[in-house]
Each structure stands twice: as C-alpha cells, then as structure tokens.
K.L.:
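This is the structure I have questions about; it appears just below.
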Amino acid sequence: MTRAMGAAMRRIHVGNALSAFGLGFTVPYLYVYVAQVRGLGAMTAGLVLAVFAVAALIVLPFAGRAIVRRGPLPVLLAALVTAALGALSLGLAGTAWAVLLSAAALGAGQAVMQPALATMIVDCSSADTRSRAFAMQFFLQNLGLGVGGLIGGHLVDTTRVSSFTLLFAIEAAMFLLLVGVLATVRMPHSPRLEDAPEGSAKGSWKQLLGNRAMVQLCVLGFVLFFACYGQFESGLSAYGVEAAGISTSTLGTALAANTLMIVVAQFAVLKLVERRRRSRVIAAVGLIWAVAWLAAGYAGLGHGSQEMATAAFVSTYALFGLGEAMLSPTVAPLVADLAPEGMAGQYNSAFALVKQLALAVGPAVGGPLGASLHGPYIVTFLLFSLGITFLALRLGRQLTAVQDRPWLARGTRVVTRGGAPAEPVAADA
C-alpha cells in the first residue's frame with residue numbers, strides 16, 4: 001500500500017466512524033420519536049421503518065452503475081448531502097407526509113453510503129491488506145453506533161420535541177462533517193465504465209448474474225442477514241420477551257454484549273481467520289450461530305431458572321457478535337475479489353441490495369414467529385444457520401484458489417477477475 005493509499009484509507013475509516021456515530025444518535029429512538037413524541041401513531045412509525053427499506057431497494061440498483069461510471073467518492077458525497085438533508089428535515093417534520101419524505105431521503109442516502117465506502121476501501125487496499133481494512137471498518141461502525149446510542153440516550157427526553165430535533169441535527173452535522181473529511185481524499189485511479197468497451201454498462205447486471213460464484217454468495221448473504229441481523233430487533237427480541245420472560249433492560253444488555261463481543265474480539269479473530277479459507281470461515285460462522293440458536297432455545301423453552309434463561313439469552317447475542325467479527329474480514333473482501341476489473345461498485349451495490357432485502361423480509365417473518373410460535377421459530381432459524389454452513393462449503397467449490405485463500409496473492413492489488421471454479425489444491429486449514 002502506498003502512502004497516498006494509506007492516507008486515503010485513514011480518512012475513509014474516520015468517515016465510517018463519524019457516519020456510524022451519527023446514526024447511533026437516532027436509530028434506536030426513531031419509532032418512539034414518530035409514534036409518541038410527534039404523536040403520529042404506531043402505523044406511521046411502522047411506515048417510516050418500511051420507507052427506509054423501500055428507499056434503499058429503489059436506489060441501490062442505480063447506485064452501483066453510478067459508482068462504476070463516476071467513481072465512489074462523488075457518489076458518496078451526494079449520498080451524504082442527501083442523508084444530511086433527510087436527517088435535518090426529519091427532526092423538524094411535524095406531519096406524516098413530511099416525516100415519510102424525510103425518511104425516504106435519509107434511507108436512500110444511508111443505503112448508497114454502504115457500497116460507496118466499500119468500493120473506496122477496495123480501491124485503497126491491496127490483496128494482503130483488504131481483510132484488515134474491512135475488519136477495521138466493521139469495528140469502527142459498531143463502536144460509533146454504540147457510543148452514539150449511549151450519548152443519544154442521555155440527551156433524549158420524550159416530553160420535549162426539541163431534544164429529538166437536537167439528535168437529528170447532530171446526525172446531519174456528522175454527515176456534513178464527513179463530506180468535509182472526504183472531499184479532499186485523493187483516490188487512486190481505478191478503471192471506470194468510460195474506460196471499458198461500449199455497451200459494457202448494459203451488460204453489467206447480466207455479467208454479474210452470469211458469475212455463478214457471485215450469485216451463490218448473494219444467496220448465502222441473504223441467508224446470513226435474514227438469520228441474524230434480521231432477527232436482532234424483531235423476532236429474537238419478541239421471542240425473548242414472550243418465551244423467556246426477558247425484560248427490556250435485559251434486551252439492552254444483550255445488544256450491548258453483542259457490540260462488546262465485536263469490539264473486543266474483532267482483531268483477535270482477524271488473526272485466526274485471515275489465513276483460513278474464506279468458505280470455511282463462513283461455514284464455521286453457521287455452526288457458531290447454530291449454537292447461539294440452541295442457547296436461545298434453552299432460554300425460552302428450557303426449564304431452568306430465570307437467571308439461567310437470562311444468561312443463555314445474553315450469550316445468544318454474544319455468539320452472534322463472534323460470528324459477525326469473523327464475517328467482517330471475510331465476506332466484503334470476497335465480494336470485491338469476485339468483481340471484474342472496474343466493477344467493484346456494481347458488485348458491492350448488488351450485495352447491499354441483497355442485504356436490504358434480507359433485512360426487510362427477516363423482521364416480517366421472524367417477528368410473528370418469535371412472538372407466538374416459539375418452538376418452530378427456534379427450529380427454523382437453527383436450520384437456517386446450518387444452511388449457512390452448507391451454502392458456504394458449496395460456494396467454496398466455485399471459488400478459485402486465490403479467491404478462497406487470498407494470502408496466495410500477496411503483493412498484488414488484484415486478487416482475481418471473474419468467477420472460474422478453483423483448480424484442485426492441496427487441503428489446508
């Protein structure tokens with residue numbers, strides 16, 4: 001990595017931390033703000049959460065092409081300004097329509113930030129630094145969300161609208177500060193769509209769908225986000241309250257345990273996984289999450305004491321955090337390494353789209369199951385976790401040796417191009 005790439009990467013990491021810090025101020029309190037503080041009711045609050053998902057699903061297919069054509073930095077700056085305007089207007093909105101339009105702007109901006117930042121990390125990293133760069137990104141995101149949520153919790157007052165207006169103003173300020181931090185980043189040159197032959201834009205999605213490894217990774221990604229992230233604040237929390245008798249304060253403790261596990265374990269885990277086959281690391285995550293669902297099953301369906309149930313439930317979230325720490329240096333770099341030259345933005349956006357779909361479907365399926373059908377809920381997601389292991393091992397057969405074991409490409413910026421099946425290689429860890 002050159003000095004210029006290192007300087008750009010440091011600013012990107014600062015940007016990740018700032019954006020997560022800003023989001024942490026408002027995300028935990030959005031429902032309360034709309035439904036209670038603004039007095040717009042539970043239905044409008046639910047629509048706001050749905051608008052976030054719908055806005056992301058609408059803009060992400062176009063974001064990938066924009067990143068490929070214009071580069072990630074201009075797209076990111078436009079997304080940040082849009083998100084800042086959405087956040088500020090959301091803090092001032094007093095009607096249902098104003099809230100919904102503001103949420104659409106904020107959700108669209110947030111959605112585009114993800115693939116743009118990921119593509120910037122790809123452009124500023126080499127094969128031997130990419131996993132560590134994405135691990136640092138995930139670490140800073142969780143740290144920023146945790147710190148922002150903690151500070152925001154001490155600033156909010158449900159009896160004063162102005163306290164929430166302040167939170168959204170701080171969030172907008174973080175996005176605008178990030179514009180200032182990143183506006184002067186000097187990105188290394190990477191191929192753009194105008195460098196490619198005429199007609200390649202029209203075939204970009206067809207090319208992506210023709211990449212069997214990428215398609216399998218998207219299927220695997222959907223299951224990953226559906227079975228874990230899509231359950232945190234919906235099905236699993238409902239299950240904990242209804243089946244295990246978990247209090248709301250214990251839910252907060254469980255979420256804190258998840259964040260703490262990521263923050264504490266991230267770089268220790270990185271040393272363990274960065275010289276392991278990516279497909280096997282993901283397969284191991286499926287097994288860890290299967291154990292997490294067994295712990296959740298004991299918490300709600302076992303016959304132990306309330307203290308044991310609480311410990312098991314908190315352990316579930318901690319085990320999920322361990323799996324997340326293993327995925328952060330594995331999945332995102334693999335998406336980048338599967339992308340043909342100059343197409344990282346398209347591939348990152350496609351994977352972000354899959355993530356948003358899973359996060360939209362996950363709560364809709366898991367919420368009712370977790371609240372009322374406790375046994376089937378645990379069995380369903382235990383099977384999904386085992387499915388992660390199966391899909392990961394199957395994906396491994398579609399990867400080249402270097403895609404699955406990136407340390408073989410030490411000293412090069414490009415790990416691979418395309419998705420040809422791997423040649424037979426000697427078995428290792």
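Keep in mind the model is a prediction, meaning the values are calculated, not measured. Residue numbers start at 1 and run along the sequence shown.
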K.L.:
Could you tell me if the ring centre of Phe226 sits under 6.0 Å from that of Phe381?
P.N.:
yes

K.L.:
Tell me which pairs pass side chain to side chain donor-acceptor pair (under 3.5 Å) where either residue lies in residues 74-98, with sequence neighbours left out.
P.N.:
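Applying side chain to side chain donor-acceptor pair (under 3.5 Å) to every pair that reaches into residues 74-98, excluding sequence neighbours, yields Ser89-Ser102.
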
K.L.:
Would you mind listing every side chain to side chain donor-acceptor pair (under 3.5 Å) that reaches into residues 140-150, with sequence neighbours excluded?
P.N.:
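Side chain to side chain donor-acceptor pair (under 3.5 Å) check on residues 140-150 returns no pairs.
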
K.L.:
Is the distance between the ring centroids of Phe320 and Trp293 under 6.0 Å?
P.N.:
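Between Phe320 and Trp293, which both carry aromatic rings, the centre distance is below 6.0 Å.
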
K.L.:
What closest approach, in Å, do Arg130 and Pro333 show between heavy atoms, and which atom pair accounts for it?
P.N.:
CG-CB, 4.0 Å

K.L.:
If you look only at pairs with a residue in residues 161-171, which of them pass as a side chain to side chain donor-acceptor pair (under 3.5 Å), with sequence neighbours excluded?
P.N.:
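Of all non-adjacent pairs touching residues 161-171, those that pass side chain to side chain donor-acceptor pair (under 3.5 Å) are Thr26-Glu171, Arg160-Ser162.
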
K.L.:
Assess the pair Tyr347 and Phe351: is the distance between their ring centroids shorter than 6.0 Å?
P.N.:
no

K.L.:
If you measure from CZ on Phe138 to CG on Leu143, what distance do you get to the nearest 0.5 Å?
P.N.:
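Phe138 atom CZ to Leu143 atom CG measures 12.0 Å (nearest 0.5 Å).
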
K.L.:
According to ring pair (Phe, Tyr, Trp, His ring centres under 6.0 Å), does anything in residues 258-280 pair up with another residue at least two apart or in another chain? List the pairs.
P.N.:
Phe139-Phe267

K.L.:
Quick one: which residue pairs count as a side chain to side chain donor-acceptor pair (under 3.5 Å) with a foot in residues 363-379, not counting sequence neighbours?
P.N.:
Gln231-Tyr377

K.L.:
Restricting to salt bridge (Lys or Arg N to Asp or Glu O under 4.0 Å), what partner residues turn up for Arg10, sequence neighbours left out?
P.N.:
none

K.L.:
Please report the interatomic distance CD(Glu324) to OH(Tyr317), rounded to the nearest 0.5 Å.
P.N.:
11.0 Å

K.L.:
For Phe313 and Tyr239, run ring pair (Phe, Tyr, Trp, His ring centres under 6.0 Å): C-alpha distance rounded to whole Å, both residues' side-chain angles, the deciding distance at 0.1 Å, then the answer.
P.N.:
CA-CA 10 Å; Phe313 191 77; Tyr239 168 85; 7.0 Å; no

